[in-house]
Peer 1: 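Structure incoming, see below.
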Amino acid sequence: MRNATVKKAALLVLLIMVVLGIAYPALAPFHPDDFSFPALLPPGGKHLLGTNKMGQDIFSALLAGFRVTISIALIVSFCSTLIGTALAVSCAFFRHWVDRFIMRVTEIFIIVPEIIVIMLFAAFAGPKVADVVMVMIFFSWSRITRILRGKAMVIINQDTVQYTLLLKGNLLDVGRKMWPYFYPAVTTLFIQQCGRAAVYEATLSFLGIGDPALKSWGRTIRAALDYEGIFWDHTYLWWLLPPILCLVLFVLALALLTFDFDEESESAERSE
Amino acid sequence: MFFRSRPSLKWLCTVLGRNCMQLGILIILGFLLPRLIPGSPLSFSADQIDVLNAMLPKETFNRFTDYYAPEQPLIKQFAGYLRHLARGDWGYSFYYGLAVREIVMSRVTLTLFLSLTSIVISIFIAVSLGAYLALKGGGYLEKGLLTLLLVLQTIPVFLLAILCRMLFAHHLGWFPAFGAYPLVMTPADAGFALHFLRHAILPIAVLILYTVPPVAVLTRNVVQKIKREPYVEAAYYFGIRERIIWLYYILLNSLPEILGRLNITFLYAIAGALFVEIIFSYPGMGTLMKVAVEARDYPLIQGIFLVTSIYSIAINMLFELLSIKLNPRLTKMT
């Protein structure tokens, strides 16, 4: 009961955020790149959250962040989940050396924290968003493959899948037959991966990697931190805090969607 | 006795072998990837290298071409790369114009200090918190704690650091906001240790906040599983004191599984230490990494990558060995 309420609330928050992301050009009072205002205005009047050091409206940048951050998260998550799932199914389908090879490769990715490797290569991949997105995808699929491979090994023994194998179905046929058993796990991983991608993007922006003109929340945070006075006057209250709260809310809503509060009762049932 | 010790020796060798292999693969990756990724100075063609020549001071550029010898065939480059690594020569930083090894080595101590201290404190807090949640769970306080852990788990570590710095250093003014010690002091001054500790409290606290949630949730899940084992129930029937059951029957038996799955969490803690350092301008490897990334200082980034990898593998191995020590049964598996 409580679980369902939390999930509904999380879904509602996410829905609102997506709508804000889609409708942002209509909602934003100014263009986020417009620097024709006085710099460092406190909130109030025309500027809901004041202006930054360059004289840009912070509220508009925050709204733009909904679109930029959420779409990066969706793209990275979709592609890495697709690759990860395909490889996990391949592991179960081909077995033998294909399986062993894919597992060895994923093991390497575990040892060094993803974010450091992403950073290492994103630093050189050029400042274009597409490059950074590619690097994030390249270093994200391994986690999904690792988790889904175990599931795939079990699911392939289901009767319907085994029939397909008997009829000499190819990888695609088997994948399609496995999907009904597979999709709950895949969906959960996709949602988790969205959150991770949003965090990666913010972390990379924070390190100054990627397109400096991009209006993601991470960029706004970074710009705020670059202003020397951020902690000394009260600027951080309306410049630094709002993008942080938006990002945390987004990631938290995603996490709540997949987290199981009633785990205890559920696992108790399972053990009986 | 001899019979018992033999399989564990064999397993020790497997663990060592696997970790060495991982190190080897990382070293090969460290060689290959920068040559494949467009935009890295090592993937430049002959006419692009002139751009680099124009960008860098003459001396640095010569050192760079001497060290990497980009005009030679790949196999020769790889041999040179291995030779340099074996000699502990990691090239020269573009930005500082100094040997990468010296720069990295001068910074690594503070990072080790931050991450190891926080890892040790986190284990104690997280395991006792997780066990408490599993053994006493069900009330509002426990549910609230669990939710808090979940919230903390989702916040990226650098945001956590910013929030803590905002609240405790600037708003409340309890702790110094940046650095490892006052810049005017040297280690010889009186009271240096006290200032050093005061500067370290906030970064370490952030790292603990970052590391505790996943470990506590993990502990809770494992303890909850062990709690329902038949031998625990049997112990209750025998009327053994509850505290003894908790400590010796449940917690001690959960430790191997917890430790076995902890290593990945601590690999993240290492990365976390780097980000926390950046926020608090703590002069360790993290701040160095930020400078290196901003200056696109390739040799320095590679040096940091290698040191972090070696540190991660070492921690990984330490935990594997610890879990064997605690649970000799593991040697029979795999």
Side-chain angles (χ1 to χ4, degrees), chain A residues 2 6 104-105 107-108 110-117 119-127 131 135 195-196 198-200 202-204 206-209 218 221 224-225 230-232 234 236-237 240-241 243-245 247-256 259 261 263-264 267-268 271-272, chain B residues 18-19 22-23 25-26 29-30 33-34 37-43 134 137-138 143 146-147 150-151 153-159 162-163 165-166 169-170 177 221 224-225 228 264 267-272 274-275 278-279 289-290 292-294 296 298 301-302 304-305 308-309 312-313 316:
Chain A
R2 183 164 171 262
V6 170
R104 281 295 99 77
V105 176
E107 263 170 26
I108 301 162
I110 318 173
I111 325 168
V112 171
E114 288 164 301
I115 186 64
I116 292 191
V117 192
M119 186 205 75
L120 172 66
F121 297 109
F124 295 105
D131 291 333
V135 175
R196 293 172 88 85
V199 169
Y200 284 161
T203 312
L204 288 178
F206 162 69
L207 283 168
I209 294 167
I221 293 171
L225 285 175
I230 188 80
F231 288 116
W232 310 114
H234 285 286
Y236 66 85
L237 285 177
L240 186 55
L241 217 46
I244 291 183
L245 290 181
L247 186 66
V248 169
L249 193 65
F250 178 62
V251 181
L252 188 63
L254 286 170
L256 285 175
F259 189 78
F261 280 102
E263 198 178 26
E264 191 177 15
S267 48
S271 67
E272 275 167 18
Chain B
R18 190 166 63 234
N19 282 289
Q22 288 174 340
L23 185 66
I25 291 170
L26 274 173
L29 269 185
L33 283 172
I37 287 181
S40 104
L42 289 176
S43 65
K143 280 226 168 104
L146 199 62
T147 319
L150 179 73
V151 173
Q153 205 172 356
T154 56
I155 304 179
V157 60
F158 78 96
L159 285 186
I162 294 175
L163 291 171
R165 182 178 165 179
M166 243 153 62
H170 293 283
N221 293 345
Q224 236 163 26
K225 201 177 71 195
R228 284 189 290 270
I264 292 185
L267 297 186
Y268 281 94
I270 296 169
L274 300 185
F275 288 105
I278 295 176
I279 296 294
M289 179 177 83
K290 186 161 180 262
V293 166
E294 273 168 6
R296 303 284 189 269
Y298 177 72
I301 294 185
Q302 197 190 24
I304 295 171
F305 173 70
T308 322
S309 309
S312 304
I313 289 177
N316 196 14

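Numbers restart at 1 for each chain; the letters A, B, ... are given by sequence-line order, proteins then strands. Heavy atoms only: backbone and side chains are in, while hydrogens, waters and symmetry mates are out.
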Peer 1: With a 4.5 angstrom heavy-atom cut-off, is it the side chain or the backbone of A:Leu254 that approaches chain B, or both, or neither?
Peer 2: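 Contact with chain B: none, neither part.
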Peer 1: List for me each residue that meets ring-ring contact (aromatic ring centres under 6.0 Å, His included) alongside B:Phe158, sequence neighbours excluded, and say none if there are none.
Peer 2: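 Testing B:Phe158 for ring-ring contact (aromatic ring centres under 6.0 Å, His included), a comparison that skips the adjacent residues, returns A:Phe206.
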Peer 1: With heavy-atom distances below 4.5 Å as the criterion, would you say the side chains of B:Val151 and A:Leu252 are in contact?
Peer 2: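 Answer yes - side chains close enough.
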Peer 1: Is A:Ala198 close to chain B through its backbone or its side chain, or both, or neither, when contacts mean heavy atoms under 4.5 Å?
Peer 2: neither
Peer 1: Tell me, do B:Leu159 and A:Val199 make a side-chain contact under 4.5 Å, heavy atoms counted?
Peer 2: no
Peer 1: To the nearest 0.5 Å, what is the distance between CG (A:Leu245) and CG (B:Leu163)?
Peer 2: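 Going from the CG atom of A:Leu245 to the CG atom of B:Leu163 covers 7.5 Å.
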